[in-house]
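To start, the structure itself, in structure tokens.
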2 protein chains.
Amino acid sequence: MRILVVEDDIKIACFIIKGLEQAGFAVDHSGNGEDGLFLAQTEPYDAAIIDVMLPGLDGLSLIAEMRKAQAHTPVIILSAKRSVGDRIKGLQTGSDDYLVKPFVFAELLARLQALIRRSTGTAEAASLAIGDLSMDLLTREVVRSGQKVELPPREFSLLEYLMRHENRVVSKTMILEHIWNYNFDPQTNVVDVLVCRLRNKVDRDFDQKLIHTIRGVGYVIKKS
Amino acid sequence: MRILVVEDDIKIACFIIKGLEQAGFAVDHSGNGEDGLFLAQTEPYDAAIIDVMLPGLDGLSLIAEMRKAQAHTPVIILSAKRSVGDRIKGLQTGSDDYLVKPFVFAELLARLQALIRRSTGTAEAASLAIGDLSMDLLTREVVRSGQKVELPPREFSLLEYLMRHENRVVSKTMILEHIWNYNFDPQTNVVDVLVCRLRNKVDRDFDQKLIHTIRGVGYVIKKS
DNA sequence: CTTCCACAACCAGAATACGCATGGGGGTAT
DNA sequence: ATACCCCCATGCGTATTCTGGTTGTGGAAG
């Protein structure tokens, strides 16, 4: 899931970005309206979080421009103003939700997930399962054969990515991009290592292996 | 499918090349415009990915030169510039699509496949089948008479190539070019060896042979 | 019908590339 | 301050590919 954040205040931006990344999102950021608009028009985001008060092109105009060109990407507006008027104006412009600063991060996250759930139409399964392996996305609990498995964030994220692509081969490049948000070659074996770690926790102690290697290509998760 | 990549930044080049290879393409690379132009003029590529900022001959001039001489090979431009003006200039020069760095590899791949699909007219099939032999390109699973067959990358690639040319004879030279990306004679019998290994796995245990030898010419895959 | 030649098929050892595992160091969060 | 996680480097084992040699087969000519 890719999120665009347009926010000029560095501190707030960092706060949001880190929070979202920890929640498993890939985040791009822009500090002004023009760059934000450009990103929105060129990259396929699943949602955007936009401040109204921006240097240059302001948030509402930005959304208006986005809506002219583009399909409906869910947008959450951030604002210091709490007047009802602004709120209405924001929603009229084409935003999908409205949050007043200062806000609690958990609320932003909850609203964001709700929006994505709504827009993707797919009633965003709260859990994924393959064979006797299941993963609860809300509680971040992973269970194999009734036995709970503890996973650090990156490994959890990788497993989620694999499970969302059940039976389909995902290349190392795609993993690199999805988990690290890299668009260049790190010249190391980080992916191999992460997969290895995940396997040790998910597959090692069990008879039926779920994570399979496709040499020269990548990995698949599947039952047989 | 053969792709030309012209990009001077080593890290980005590696990233793209590996990604494309993992996706099953044969990739040639050049780090500067002159060599890129030479390759484009001498080899038959199905598409090209070209950076605008290059040492020596820049990307736009390169495309212009290509267009002078040559039939319409689909081109995707990569650029660090995000202005709309540059984008328009790129598209006017004769490129077919435009991607801003940093970009998401999945998007590059999607656009590339869309371009190829458009230019060749053929809709990219998700699986291939001949008689009781079938091959799933996504999961990379090969099945003969309901029995699963494991194939290493090269053999898989060869089988895919043969099946895409069902009932048509493919010469050894063509195979060399597509699998090894060679345009010269390696003076060895690598092709024979590879075909042999593929036969052992696909044809040996079955009554009806699918891979046939045309002496002095090459090979065909067909039912009878 | 036999012989010869060219090409294809097959085999096995060697070289290589690739993926896997482990441990240390640095950074970060608690 | 401590513990944890993540990145990175290294070494190891194995799968896969390449190479050269050898055997097998078909076609053409004598």
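Just so we're on the same page: letters track the sequence lines, and every chain starts at 1.
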(request) Would you kindly give the CG-to-C1' distance between Leu194(B) and dA8(C), to the nearest whole Å? (result) 15 Å
(message) If the cut-off is 4.0 Å, is Tyr219(B) near the phosphate of dA9(C), judged by side-chain N/O to OP1 or OP2?
(response) yes
(request) Give a yes-or-no answer on whether the side chains of Asp132(B) and Ser145(B) include a donor-acceptor pair shorter than 3.5 Å. (result) yes
(message) For Asp192(A), is there any backbone N or O sitting under 3.5 Å from a side-chain donor or acceptor partner on Asn189(A)?
(response) no
(message) Using whole Å, what does the distance between atom C1' of nucleotide dT10(D) and atom CD of Gln187(A) come to?
(response) 17 Å
(message) Tell me whether Glu150(A) is salt-bridged to Lys148(A), with the criterion being a basic N under 4.0 Å from an acidic carboxylate O.
(response) yes
(message) Without decimals, in angstroms, what is the distance between Gln22(B) CD and dC18(C) P?
(response) 10 Å
(request) Please round to 10 degrees the angle between the axis of the first five pairs and the axis of the last five pairs in the helix from dC1(C)-dG30(D) to dT30(C)-dA1(D). (result) 30°
(message) When you compare the side chain of His212(B) with that of Ile221(B), does any pair of heavy atoms fall below 4.5 Å?
(response) no
(message) Using whole Å, what does the distance between atom P of nucleotide dC20(C) and atom CD1 of Ile214(A) come to?
(response) 11 Å
(request) When you get a sec, tell me which of dT25(D), dG21(D), dT22(C) is the closest nucleotide to the side chain of Asn189(B)? (result) dG21(D)
(message) Can you list, in residue-number order, the parts of residues 150-157 of chain B that come under 4.0 Å of DNA chain D, counting heavy atoms only?
(response) Pro152(B), Pro153(B), Arg154(B), Glu155(B)
(message) Tell me whether the side-chain N/O atoms of Arg199(A) come closer than 4.0 Å to OP1 or OP2 in dC20(C).
(response) yes
(request) Evaluate the ring planes of His165(B) and His178(B), with Trp represented by its six-membered ring, and classify them as parallel (under 30°), tilted (30 to 60°) or perpendicular (over 60°). (result) perpendicular
(request) Report yes or no: does Glu177(A) contribute a side-chain atom to a donor-acceptor pair with the main-chain N or O of Phe105(B) at less than 3.5 Å? (result) yes
(message) Measure CG/Leu176(A) against P/dC6(D) and give the value in whole Å, please.
(response) 15 Å
(message) Less than 4.0 angstrom between a side-chain N/O of Trp180(B) and OP1 or OP2 of dC18(D), yes or no?
(response) yes
(message) Apply salt bridge (charged side-chain N to carboxylate O under 4.0 Å, His left out) to residues Arg197(B) and Glu155(B) and explain how you reach the verdict.
(response) CA-CA 8 Å; Arg197(B) 286 208 310 264; Glu155(B) 292 167 30; 2.9 Å; yes
(request) For a side-chain contact (heavy atoms from CB on, under 4.5 Å) with Val27(B), tell me which candidate from Leu4(B), Ile16(B), Leu20(B), Asn181(B) qualifies. (result) Leu20(B)
(request) Could you tell me the separation between the CG atom of Leu198(A) and the P atom of dC5(D), rounded to a whole number of Å? (result) 14 Å
(request) Indicate, with a heavy-atom threshold strictly under 4.0 Å, whether Val193(A) touches base, sugar-phosphate, or nothing. (result) base
(request) Measure the distance from NZ on Lys201(A) to P on dC4(D) and round it to the nearest whole Å. (result) 12 Å
(request) Please determine if a side-chain N or O atom of Thr188(A) lies less than 4.0 Å away from the OP1 or OP2 oxygen of dA9(D). (result) no
(message) For Asp205(A), is there an ion pair with Arg144(A) - N to carboxylate O distance below 4.0 angstrom?
(response) no
(message) So if I take residues 166-173 of chain A and measure heavy-atom distances to DNA chain C, which residues fall below 4.0 Å?
(response) Lys172(A)
(request) Figure out the CG/P separation between Asp192(B) and dG24(D), and round it to whole Å. (result) 17 Å
(message) Counting neighbours of CZ on Phe206(B) that are heavy atoms of other residues, nucleotides or ligands and sit closer than 6.0 Å, is the number greater than 12?
(response) yes
(request) Ignoring backbone atoms, test whether Arg197(B) places a side-chain nitrogen or oxygen under 4.0 Å from the OP1 or OP2 oxygen of dT17(D). (result) yes
